There are 2 protein chains.
Amino acid sequence: MEAKGRDVLAKDRILDKAEELFAQNGYFAVSIRQITAAAECNLAAVNYHFGNKKNLYLEVFRLRWIPRARRIHDTFIGILGTKNEPSLRDILHSLATAFIEGPLTDDERERHHQLIARELAKPIGGLDIVASQIHQPFFNELSDLVKECLPEGQNEQELMLKLFSVFSMLTFFNFSRELVTIITNYQYDQAFKARLVNHIADSCSSGIAYK
Amino acid sequence: MEAKGRDVLAKDRILDKAEELFAQNGYFAVSIRQITAAAECNLAAVNYHFGNKKNLYLEVFRLRWIPRARRIHDTFIGILGTKNEPSLRDILHSLATAFIEGPLTDDERERHHQLIARELAKPIGGLDIVASQIHQPFFNELSDLVKECLPEGQNEQELMLKLFSVFSMLTFFNFSRELVTIITNYQYDQAFKARLVNHIADSCSSGIAYK
DNA sequence: GTCTATAGCAGGATAGAC
DNA sequence: GTCTATCCTGCTATAGAC
């Protein structure tokens, strides 16, 4: 039993460190040697547990990124559930809160967004997995929620663009922190995040409701 | 004179191919061998002309990215100059047009945004150069332009966030095309880009003017 | 300035002992 | 399952001929 217990732990340690390093530095900048050293296990362990480096990378998305995306989603649904007949702004505020102040630790959130940002810029396998399992269903769900707050007969195309705009802000403010900080000198402390959430909710709800 | 002429060309060819490859694949995924092969010159040419790989990468930003950002900026100012007393929407429409349908070819635009997207996710030297020479002054300029369309006494912090929101959309729709296409099935053809420009102008102007 | 050749090193992957 | 040792490939960078 000890042997089996250690296995699982070694595999998990590799996944954790691999995710951290891939997020920080990108797939090609990270070596198996770095990963196994950080995970305090043997060099051969990656090939033993995951076959090869590429599959380890994909498993990071399957076994770490997706479950975390589900936690954010569930947090969003949870916050939204506390409101009676939520307004458009309620929906967006819940969404922004889940994304920016949600269930993830700061480290987790940073990793989460860096991983997807890399895939958005240059997909090397993770985006396909994540788009079909998370983004596609989530956009549909969100679209249905938002439609209930809008007059009938919304243009579907237009609505999609609006949802992407929300998503663009959530993504940008989460993963371009460096630029935001360089330009404004604001640190991402609790006060600034709360301000961001309100800004996104306000600005997106007026953006979606226009016309 | 032929000799000197060839030098300049070789250096330029290296810069062009380096930019293309760095944009597509990221700094670490690209080798000097790939670059010199694509530029049809000798392996040693990179070290001769640029010292080392890292400096070649930075020169791509200094000699290629920044001049192109200036072209986009000048296009924006040019379009804006055709309007008398431009409204907020005029400003944003000109800006979105310059970014999404502007002076760059499709290839140039793709490279431009992929390069900066990578630096936003994980700066390795390019962002510092670009933020100080382009973003910082541009945000200030844009801020002044927008203020003329808004009532006095705008909150500076709030205005900065609003400008970042515009920037987030411009960036997202330019560099997350893969995701947009996966989810919506829209290709980035001329019609879709025009639609995007209008969407961004409408949605951002109502977002900025709210309250 | 350009090229060939190569030094010197780091990477992914695997074989085989334990 | 874990570990060591190692193969082989590909990389950056440079020395030195032309």
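In the text below, chain A, chain B and the rest are named by the order of the sequence lines, each starting its count at 1. From a predicted model like this one, the values you see are computed outputs, not experimental measurements.
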Roughly how many Å is it from CD1 in A/Ile35 to P in C/dA13, rounded to a whole number? 11 Å
Test: A/Arg68 and A/Glu19 ion pair at under 4.0 Å: yes
Tell me yes or no: between the side chains of B/Ser165 and A/His199, is some donor less than 3.5 Å from an acceptor? yes
Looking at D/dC11, C/dG12, C/dT4, which one has an atom nearest to any side-chain atom of B/Ser31? D/dC11
Of D/dT4, D/dT14, C/dA13, the nucleotide closest to the side chain of A/Arg33 is C/dA13
Check the distance between D/dC3's P and A/Glu40's CD and give it to me in whole angstrom. 11 Å
Starting the side chain at C-beta, find the nucleotide from C/dC3, C/dT2, C/dA13 nearest to A/Ile32. C/dA13
Could you state the NE2-C1' distance from A/His49 to D/dC3, rounded to the nearest angstrom? 12 Å
Count the heavy atoms of every other residue, nucleotide or ligand shown that sit under 6.0 Å from NZ of B/Lys122, and state whether that count exceeds 12. yes
Mapping A/Gln34 and A/Tyr48 to their closest nucleotides on DNA chain C, which lands nearer the 5' end? A/Gln34
If you check the B/Ala44 side chain, which of C/dT14, D/dA13, C/dC3 turns out closest? C/dC3
Taking the side chain of B/Leu43 as its heavy atoms from C-beta onward, which of D/dC3, C/dT6, C/dA13 lies nearest to it? C/dT6
Under 4.0 Å between a side-chain N or O of B/Asn42 and OP1 or OP2 of C/dT4? yes
Nearest to the B/Ala10 side chain among C/dT14, C/dT2, C/dA13, which nucleotide is it? C/dT2
Over how many whole Å does the gap from A/Asn55 atom CG to C/dG12 atom C1' extend? 14 Å
Protein-nucleotide distance (A/Asn47, atom CG; D/dT2, atom C1'), rounded to Å: 13 Å
Okay, side chain of B/Lys53, backbone of B/Tyr27: is any donor-acceptor separation there less than 3.5 Å? yes
Is the backbone N or O of B/Ser205 less than 3.5 Å from a side-chain atom of B/Arg89, with the two atoms forming a donor-acceptor pair by type? no
Calculate the interatomic distance between A/Lys54 atom NZ and C/dA13 atom P; express it in whole Å. 11 Å
Please state how far atom CZ in A/Phe50 lies from atom P in D/dG1, giving the value in whole angstrom units. 12 Å
Proximal nucleotide (of D/dT2, C/dA13, C/dC3) relative to the A/Lys53 side chain: C/dA13
Please report, rounded to the nearest Å, how far the P atom of D/dC11 is from the CG atom of B/Leu21. 12 Å
